[in-house]
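Being a predicted model, the structure only gives us computed values, none of them experimental. Convention: sequence-line order gives letters A, B, ...; per-chain numbering from 1.
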Amino acid sequence: MKNLEIAEILNKMADLMEMLEIDWKPRAYRKAARTIENMSKDIRNIYEKGGEKALCEIPSIGKGIAFKIEQYLKKGKIKEFEQLKKKIPQGLEQIMNLPGMGPKKAIKLYKKLKIKNLKQLISAVKKGKIKKLEGFGKKSEKEILRAIELKKQSKGRQLLGVMLPIARKIKNELEKLSYVKRIEIAGSLRRRKETIGDIDLLIRSDKPEKVMGVFTKLPEVKTILAKGKTKSSIVLRLGIQSDLRVLPKESFGAGLQYFTGNKDHNIKLRKIAIKKKYKLSEYGLFKGKKQIAGKTEKETYQKLGMQYIEPELRENTGEIEAAIAKKLPKLIGYDDIKGDLQMHTAWSDGSESIEEMAKAAKKMGYKYIAITDHSKSERIAGGMDEKKLMKCLKAIEKARKKVRGITILKGAEVDILPDGSLDYSDKILKKLDIVVAAVHSRFKMNKNEMTKRICKALENKYVNILAHPTGRLIGERRPYELDLNKVIVTAKKNKVALEINAFPNRLDLNEGQARIAAEKGAKLVISTDAHQTDNLRYMEYSIAVARRGWVKKAQVINTKTLSELKKFLRKHNSTRF
DNA sequence: GCCGTTTTCGGCCCGACTGTTTTCAGTCG
């Protein structure tokens, strides 16, 4: 995927153009960059299939930017970018991107003081040069040093599974205050993006100053970036930024809507408001000076002439158009899951017993689970040979008698070997209620070989689920080369469900891939891959992925009742169940 | 540079906070 690379270049071009005081173009470049960054399709594929014309069909990309993308894909270089770089010293971009700095200030430092990089900036501060500059002052010097320090400590984006618990903890602390009437987590966390940059909180209270006082003095706070009457920003000890906004009752819905985003979704809504001669802000929807909506999100969307849009869909990827046409899907809900179909126990690399897992799952309200420990090739993960597997199946039978009220399916996570055969013979697979197949080795095969390998495995008559279909680990490992479309078609044809794996660093399939799979009519399964009882709670993360992928309940096999599920698992194997 | 039930030209989301000012520019989300 070249998407991220291209988005980064477009953003850098926007930076440079801003410093050159070019109007409007930077905004267009940034918008295009955001679109490309959030796209689930590979931009190179789009170009190879449809050329420049196909690129122009992507919203916010026109002839100008399409031409530059083409240059980059063909030559690995963009002429105008190279020219821009010659006009502005490289280090200036770092200065401009410091918190509190921007294009205007950065270019001023360069023009007046010949400052080209961070090092020169620090030395200029120490020599007291900055405060003499028009528009800067004593505080600016302090701010600059603090910003540089802050940048060093900043952690960047973190996994949803890391950030959501932290946000909930802060929420719980503030919720205890009597004058906090309501508190919601907003921003990308509320949209449940797979990685999160900061924690946005929204509060309804009649005593905003008091709330700000408590918020900026929380024990986790390291730095206060801004503190106002209705809006404050802090940096937590962990290097994570958190913003808090306080709104009155009549504006809470509009504020929640605004603060949830994403940016392009909001901008589009505001434009629609303007067309209807309204004005939309975080304080409400206004007709002249009169507020006509904003107490709740629902009425805000309604007054704009569309269906309510779930937070997970608000990415400007077609949801607004669908909402206007009243064609939004009814998304799978967080309570729709009836069982977890991938988990590990001490029989391979898990840490707890079958019974402990079953009890914990029952407590969560599940009707069934599958125990799916590793097959023999997974030596590192304590994979089981055939003999051990048989013992494990016996142990499952025992556990069934001990833990009533939940059905424990006999399963295994079986390796797909490099040639596409499975790690157990059909004779063994036949003894299982459910077979989860997965690639755990030879990740670097070429696209053709890998696609063939996986499709061959899917054609095995005992395979029910393809686990973590792309093998990516967020921020650690790229997905393996794969023709996912072919895999989706093959899975559908062979009655195999594609997994959305809930492990916080996996989320595999991702939202875009899940959306494509669902569109093509393949079945999905949402599983935690838990290795201990505590991991079972990860389920909500992969439900979020499904929701972000526009997935409906009926498309997910573990929303079914046990008997319906069994029908799906039976496949061509009539002896099962 | 992009886009179009307001337009193929002329717009381009909207408001809070900060610092340096003394009414505002720059930055941020």
Note to self: Taking the P atom in each of B:dA16 and B:dT21, what is the distance between them to the nearest angstrom?
What the structure shows: 24 Å
Task: Distance below 4.0 Å between A:Gln241 side-chain N/O and B:dC28 OP1 or OP2 - done: no
Q) Given B:dA16, is OP1 or OP2 found less than 4.0 Å from the side-chain N or O atoms of A:Lys231? A) no
Exercise for review: May I ask you to verify if any side-chain N or O of A:Thr230 is less than 4.0 angstrom from the OP1 or OP2 atom of B:dC17?
Suggested key: yes
(Q) Can you check the distance between B:dC17 and B:dT22, where both ends of the measurement are the P atom (answer in whole Å)? (A) 23 Å
Whole-Å distance, A:Asn316 CG to B:dC2 P, equals 16 Å
field: Short side-chain donor-acceptor distance under 3.5 Å, A:Tyr283 and A:Gln291
entry: no
Exercise. If only side-chain N and O atoms of A:Ser140 are considered, is one of them under 4.0 Å from the OP1 or OP2 phosphate oxygen of B:dT20?
Worked result: yes
Looking only at B:dC14, B:dC12, B:dT27, the nucleotide nearest the A:Ile274 side chain is B:dC14
By the Watson-Crick or G-U definition, both distances under 3.5 Å, B:dT18 is matched with B:dA25
>> Pairing donors with acceptors under 3.5 angstrom, does anything connect the side chains of A:Arg146 and A:Thr223?
In response: no
query = Going by modelled atom types, is there a donor-acceptor pair between the base of B:dG29 and the side chain of A:Tyr258 at under 3.5 Å?
reply = yes
Q: Between B:dT6 and B:dC12, how far apart are the P atoms? Round to whole Å, please.
A: 14 Å
Students often get this wrong, so: under 4.0 angstrom with heavy atoms, is A:Leu280 touching a base, only sugar-phosphate, or nothing? sugar-phosphate
From CD1 of A:Ile69 across to C1' of B:dG1 the rounded distance in Å is 12 Å
* If the P atom of B:dG1 is compared with that of B:dT5, how far apart are they to the nearest Å? -> 23 Å
Heavy atoms only, 4.0 Å cut-off, all strands: where does A:Pro99 land among base, sugar-phosphate and nothing?
sugar-phosphate
Review point. Can you tell me if A:Ser232 and A:Thr216 form a side-chain donor-acceptor pair at under 3.5 Å?
Key: no
What nucleic acid atoms does A:Lys63 come within less than 4.0 Å of, heavy atoms only: base, sugar-phosphate, or nothing? sugar-phosphate
| request: Looking at every strand, decide which applies to A:Ser232 at a 4.0 Å heavy-atom threshold: base, sugar-phosphate, or nothing. | output: nothing
Of the candidates B:dG26, B:dG19, B:dC17, the side chain of A:Lys105 sits closest to B:dG26
Counting only side-chain nitrogens and oxygens, does A:Lys279 get under 4.0 Å of the OP1 or OP2 atom of B:dG15? yes
- Query: In whole Å, what separates the P atom of B:dT8 from that of B:dC14?
  - Reply: 22 Å
Would you say B:dC2 has OP1 or OP2 under 4.0 Å from some side-chain N or O of A:Tyr29? no
The answer to which of A:Gly100 and A:Glu134 contacts DNA chain B further toward the 5' end, by nearest nucleotide, is A:Glu134
To the nearest 0.5 Å, atom NZ of A:Lys75 lies from atom CD of A:Glu70 at 9.0 Å
Heavy atoms of A:Ile309 and A:Met306 approach each other most closely as CD1-SD, 4.1 Å
- When you measure from the centre of the six-membered ring of A:Phe81, is the NZ or CZ of A:Lys85 under 6.0 Å away and within 45° of the axis? yes
> A:Glu141 near the nucleic acid: base, sugar-phosphate alone, or nothing, with a heavy-atom cut-off under 4.0 Å?
Replying inline: nothing
Whole-Å distance, A:Ile61 CD1 to B:dC2 C1', equals 11 Å
Whole-Å distance, A:Lys268 NZ to B:dG11 C1', equals 17 Å
Among the nucleotides B:dG15, B:dC3, B:dC13, whichever has the atom closest to the side chain of A:Glu282 is B:dG15
Partner of A:Glu18 under salt bridge (charged side-chain N to carboxylate O under 4.0 Å, His left out), picked from A:Lys105, A:Lys12, A:Arg30, is A:Arg30
Exercise for review: Could you measure between the two C1' atoms, the one in B:dT27 and the one in B:dC13, and give it in whole Å?
Suggested key: 16 Å
Compare the aromatic ring of A:Phe136 with the six-membered base ring of B:dT20 and state whether they stack according to the 5.5 Å and 30° rule. no
Rounding to an integer number of angstrom, what distance separates B:dG15 and B:dG10 when you compare their C1' atoms? 24 Å
Given B:dG1, is OP1 or OP2 found less than 4.0 Å from the side-chain N or O atoms of A:Lys68?
yes
> For A:Lys25, which contact category applies under a 4.0 Å heavy-atom criterion: base, sugar-phosphate, or nothing?
Replying inline: base
Ranking A:Lys227 and A:Tyr278 by the position along DNA chain B of their nearest nucleotide, the one closer to 5' is A:Tyr278
note: A:Leu202, atom CG; B:dG29, atom P; distance rounded to Å ~ 16 Å
Rounding to 0.5 Å, atoms CG (A:Leu160) and CG (A:Leu507) come to a distance of 7.0 Å
Quick note, A:Phe259 side chain, CB onward, closest among B:dG29, B:dT27, B:dG15 is B:dG29
Reckon A:Leu98 touches a base, only the sugar-phosphate, or nothing at all at heavy-atom distances under 4.0 Å?
sugar-phosphate
